[in-house]
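Note that these values count all heavy atoms, side chains included, but never hydrogens, waters or copies made by symmetry.
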Amino acid sequence: MAGEIPDLHAEIRTGTGKGAARAARRNGMVPGVVFGGDNDPLSIQMPFNVLLKKLKDGRFKSTLFNLKVEGQEDVRVICRDVQRDVVKDLPTHFDLMRLRRTSKVNLFIPVEFVGEESAPGIKKGGVLTVVRPEVELVVTAGEIPEKITIDVSKLAIGDIVHISDVTLPEGAKPTIDRDFVIANISAPSGLAASDDEDEGEEEAAEA
């Protein structure tokens, strides 16, 4: 289970329709709506600068949030859409969807590597090259893993870790069908350069 689901703070937005949305924007807010679950849609708003920063930070549409609105119970949500101004490309409206504990959601889960100090390849000077520091998985909202742990203690130089080599949390699966690479143990650059020189010398000798 994820250790920390980030909070997302919003306010109740009074009124409905385009007039109320324009009023919110004039006050430096971005109007939004929360829908789904067993409750009626809820009109909310967030400060423009706060939402813009979260969008620039990335992963806003694939992060599970704990929505906090004064006078309402906290609820888990995920962003389903952000409308933007067609000219300025700035947010003008956002949609959040409530999630049940059984809901399936796509999230990026960080990868943690352990056993580097014992890996034969690293002991010989190899380098752990991380291709994917996080992996997008389909997970259950009530069972979100905090991280994926990969043991590299037995890896030699040239060994590769694919997603198929990883034991994923129960109920989780990758969003990508192919067997993609997560990391590998690469040869140290000096050794690789030396190998290239040796090959060059052998070719010269044969010539």
inquiry  = Could you report the tightest heavy-atom contact between Pro145 and Ile109, atom names first, then the distance?
reply    = O-CD1, 3.7 Å
remark   = Between the OG1 atom in Thr140 and the CZ atom in Arg100, the distance rounded to the nearest 0.5 Å is 14.0 Å
ask   = Do Arg13 side-chain atoms and Gly32 backbone N/O form a donor-acceptor pair below 3.5 Å?
value = yes
key: Connected via hydrophobic side-chain network under 4.5 Å: Val111 and Ile176   = yes
Chi angles and distances behind the ring pair (Phe, Tyr, Trp, His ring centres under 6.0 Å) call for Phe60, Phe94 = CA-CA 11 Å; Phe60 185 70; Phe94 62 97; 7.3 Å; no
Cluster check Val138, Phe180: I/L/V/M/F/W/Y, side chain < 4.5 angstrom = no
key: Side-chain touch Cys79/Leu96, heavy atoms, less than 4.5 angstrom   = yes
ask   = Is a side-chain donor-acceptor pair under 3.5 Å present for Gln83 with Thr92?
value = no
task = Could you walk me through whether Ile44 and Val34 pass side chain to side chain contact (heavy atoms under 4.5 Å, CB included), step by step?
result = CA-CA 7 Å; Ile44 59 173; Val34 188; 3.5 Å; yes
key: Stepwise side chain to side chain contact (heavy atoms under 4.5 Å, CB included) test for Leu137 and Phe108   = CA-CA 6 Å; Leu137 300 177; Phe108 285 89; over 6 Å; no
message = Side chains of Leu42 and Ile12, heavy atoms from C-beta outward: is any pair under 4.5 Å?
response = yes
message = Show, in sequence, the C-alpha distance, side-chain angles and deciding distance for Ile78 and Phe65, and conclude whether the side chain to side chain contact (heavy atoms under 4.5 Å, CB included) test is met.
response = CA-CA 6 Å; Ile78 192 165; Phe65 291 104; over 6 Å; no
message = Hydrophobic cluster membership, with links at side-chain heavy-atom distances under 4.5 Å among I/L/V/M/F/W/Y: are Val30 and Val77 in one?
response = yes
inquiry  = If hydrophobic clusters are built from ILVMFWY residues whose side chains come within less than 4.5 Å, do Val50 and Leu67 share one?
reply    = yes
ask   = Taking all non-hydrogen atoms of both residues, which atom of Val69 and which atom of Glu11 are closest, and how far apart?
value = CG1-C, 4.3 Å
message = For a quick test of reading the model, state the closest non-hydrogen atom pair linking Pro174 to Leu168 and the distance between them.
response = CD-CD1, 3.7 Å
ask   = Does Arg132 reach the main-chain N or O of Ile182 with its side chain, forming a donor-acceptor pair under 3.5 Å?
value = no
note = The reported gap from CZ in Arg25 to CD in Gln45 (rounded to nearest 0.5 angstrom) is 11.0 Å
request  = Check the pair Arg80 / Asp95 against salt bridge (charged side-chain N to carboxylate O under 4.0 Å, His left out), numbers first and verdict last.
outcome  = CA-CA 6 Å; Arg80 273 296 171 242; Asp95 298 324; over 6 Å; no
inquiry  = Could you check whether any side-chain heavy atom of Ile122 comes within less than 4.5 Å of a side-chain heavy atom of Ile185, counting everything from C-beta outward?
reply    = yes
Between OG1 on residue Thr102 and CD on residue Glu143, distance to nearest 0.5 Å = 11.0 Å
Atom NZ of Lys53 with >12 non-hydrogen neighbours under 6.0 angstrom = no
Closest approach of Arg76 to Ala141 (non-hydrogen atoms, all atoms of both residues) = NH1-O, 2.8 Å
key: Validation row: Leu51, Met29 side chains within 4.5 angstrom (heavy atoms)   = no
inquiry  = Run Val86 and Arg84 through side chain to side chain contact (heavy atoms under 4.5 Å, CB included) and show every step you take.
reply    = CA-CA 6 Å; Val86 293; Arg84 296 173 179 267; over 6 Å; no
ask   = Looking at NZ of Lys54 and CG of Asn49, how far apart are the two atoms once the value is rounded to the nearest 0.5 Å?
value = 13.0 Å
message = Tell me whether the count of non-hydrogen atoms from other residues, nucleotides or ligands lying under 6.0 Å of NZ in Lys61 goes above 12.
response = yes
message = Tell me the closest heavy-atom pair linking Leu107 and Ser62, and the distance in Å.
response = CD2-O, 2.8 Å
query = Thr129 side chain to Ala183 main-chain N or O, any donor-acceptor pair under 3.5 Å?
reply = no
inquiry  = Quick one about Ser164 and Asp179 (side-chain donor to acceptor, distance below 3.5 Å, no hydrogens or angles considered), yes or no?
reply    = yes
Non-hydrogen side-chain atoms of Val114 and Glu112 separated by less than 4.5 Å = yes
task = Return yes if some donor-acceptor pair links the side-chain N/O of Asn27 with the main-chain N/O of Ala23 below 3.5 Å, else return no.
result = yes
Pair Glu134 + Arg59: basic N to acidic O under 4.0 Å = yes
key: Close side-chain approach of Val105 and Ser103, heavy atoms under 4.5 Å   = no
message = Quick check: closest heavy atoms across Pro6 and Leu64, and the distance to 0.1 Å?
response = CD-O, 3.5 Å
Close side-chain approach of Val135 and Ile148, heavy atoms under 4.5 Å = yes
inquiry  = Side chains of Ile144 and Pro169, heavy atoms from C-beta outward: is any pair under 4.5 Å?
reply    = no
message = Hydrophobic clustering (ILVMFWY, side-chain heavy atoms < 4.5 Å, transitive) - are Leu52 and Met46 grouped together?
response = yes
Inter-residue atom distance Asp7.CG - Asn66.CG, 0.5 Å rounding = 5.0 Å
inquiry  = A cation-pi test, strictly: NZ or CZ of Arg98 under 6.0 Å from the centre of the six-membered ring of Phe35 and no more than 45 degrees from its axis. Yes or no?
reply    = no
query = What distance do Lys104 atom NZ and Lys173 atom NZ have between them, rounded to the nearest 0.5 Å?
reply = 8.0 Å
